[in-house]
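Beneath this line is the structure, given in structure tokens, with notes to follow.
Everything quoted here is computed from the prediction, not taken from an experiment. In this chain, residues are counted from 1 in sequence order.
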Amino acid sequence: MAQSIEGPPPGVVDEKGLGGHGHVVSKDGHDLHKDGHEPVQDFDVETVEKVYRKLDMRIIPAFWVLYFLCSAIRSNIGIAQTMNKDVKHDLMSVLGLTARDTSTALTLFYVSYVLFDLPSNLIMSRLSPRVWMARIVTAVGIIGACFAAAQAAWSVKLLRFLLGVVTAGMWPGMAYYLTLFYPPSRTGKRIAMYFTAAQVSAAVVGLVSAGFQKMDGVGGLVGFRWMFLIYGLLGIVLGVALLWWLPDRPLAPGETRTRSALTRWLPASPEALTGHDAVVHYHDLRRVYHARPWNLKDLGHVLVDWRLWPLVCMYFGVVGVGIGTQLYGSVIIASIDPSFTGVQVSLLFAPIWMMDFAAILLVVPISDRFHKHRALFFSAAVCIQIAGLLTVTFALGRPWARYGGLLLIGFGLGPTVPICMTWTNEIFQRRHREVGVAAASALVSGLGNLGSITTTYALYTGWPADAAKGPHQYRRSNFTMIGILCLSIASSVVMTVLLRVFGNEPSAKIAAGGGEPSSDEAEEFQDGAARREREQRGLAGMWWSKKA
């Protein structure tokens, strides 16, 4: 246990706007964390672990469900292209879409996503993370349900653009939200936990689409319209429910949460931790409780930090291949063996994402324990994807070998995105604190999704010459994806070398007005978690060592 477990003296939180940043003040108005804060205390590892497990039970299941539904709503347009195709009730036939219409619609989602990702995440950091996340999920459900009423190409394109607008900020917002409750070196495992929802969602969309195809004609609706409608309605219900479940940013022991005029009509925020657990968490992650509200100058320092761009390039390659596989995986399977029926394609699509799921659970938790070697884990997973793409491209005349290549792609995809986002959290929270995480995670996600635009608009069915029937169908698209994966590997190597040369110490510009940080600001980096992160956990404390 700690030498002392005293928390700060009782105070109040002065919140700005929607649950925004406040600071602890005593009754006479003095700032406690500057004038009278107590030394940070160290607790034993098992006590700290119990607190984080309690947070896991509160946060991760909610994130898993919301990411599952939002991923399904975002990606079900891909499987809709092959549903009931034998009776001309697929998306393309019913709405009269051309291959170019489809690729344009898919791309418009990422155009708006890239444009609005950073603004959305910055708003979330200023307002209530809980309310903003609930807003995103509810809006995604509404737009997703509207797809059931689409009648022409223009309406599909418009809805995909709007879906990108309302989805923007969800993925980087979830990564930012985790840093309010966990130290960065522990976020990889948690990101992996809820990221598996995307893989399960991709598999379930494929499997459940077989059931929706059986509903074709029920109530006068074709199968894919039922799929859009039901997923959308579920998203709306979940978005509203999150207001009662997700906690807002944590409060230090002794603080009370005040509600602004804008939040009084919403459900009160549940507290993530109380009592002794709150005290332990406060000492372990003090930097979160005393975060200084950021300004435009702070944001500018993040935007010009060179560390941002290798991470963007890493994300560009892996998310481009991931989204390309997710949206065109069923199309690729159908091209491997034209005799596959629509239901068979749906069933074969699911195992790709189960391989992805397995890799996430195997690799990402270990990368957290060896957090100084993120680049190695990332690059190894990318090499597996390249091997899979080469198999799909060159195993001609062997359809099951080519399908095995798709399974390899799925396995390699799993760890890459969580590792990239976790590395972003680690680098930018230490370097620029809260605004660093909010801005960098949004920019890596937003600009990195230019890779998604590349694969959805320019490759596969969006590249007419490459989509021509024959043994070499989609070969050049596969080569392009291999090329952007090589860019990801090269960027991870460059990042590793530059960090060793230039380091990643807290920026001297984070103090108000520039210059060297004050002693109080510097102390925020010396909480219990920061001291433990100087050394890797390795495999110590794993289940077999506990049993021993």
remark   = Sorted by chain and number, sequence neighbours left out, salt bridge (charged side-chain N to carboxylate O under 4.0 Å, His left out) with D117 holds for none

query = Are F161 and F109 near enough that their ring centres are under 6.0 Å apart?
reply = no

query = Taking the six-membered ring where the residue is Trp, are the ring centres of F195 and W171 under 6.0 Å apart?
reply = yes

Between W423 and F378, ring centroids under 6.0 Å = no

note = The complete set of side-chain hydrogen bond (donor to acceptor under 3.5 Å, both in side chains) pairs with one or both residues in residues 225-235, sequence neighbours excluded, reads none

message = Taking the ring of F68 and the ring of W64, is the distance between their centroids below 6.0 Å?
response = yes

message = Between T179 and N425, is there a side-chain donor-acceptor contact under 3.5 Å, judged purely by atom types and distance?
response = no

ask   = Is any side-chain heavy atom of P415 closer than 4.5 Å to a side-chain heavy atom of F377?
value = no

query = With sequence neighbours left out, what residues match S120 under side chain to side chain contact (heavy atoms under 4.5 Å, CB included)?
reply = W132, R135, I136

ask   = Within a radius of less than 6.0 Å around CZ of R100, do more than 12 heavy atoms belonging to other residues, nucleotides or ligands occur?
value = yes

message = We want to know whether R74 and T167 form a side-chain donor-acceptor pair, criterion being a heavy-atom distance below 3.5 angstrom.
response = no

inquiry  = Under 3.5 Å, is there a donor on one side chain and an acceptor on the other for Y113 and S452?
reply    = no

request  = Flag yes if more than 12 heavy atoms outside K189 fall under 6.0 Å of its NZ atom; otherwise flag no.
outcome  = no

query = With I191, which of L178, V364, T196 fulfils side-chain contact (heavy atoms from CB on, under 4.5 Å)?
reply = L178

Side chain proximity check, R190 to D56, heavy atoms < 4.5 angstrom = yes

query = Are S93 and D90 linked by a side-chain donor-acceptor pair shorter than 3.5 Å?
reply = yes

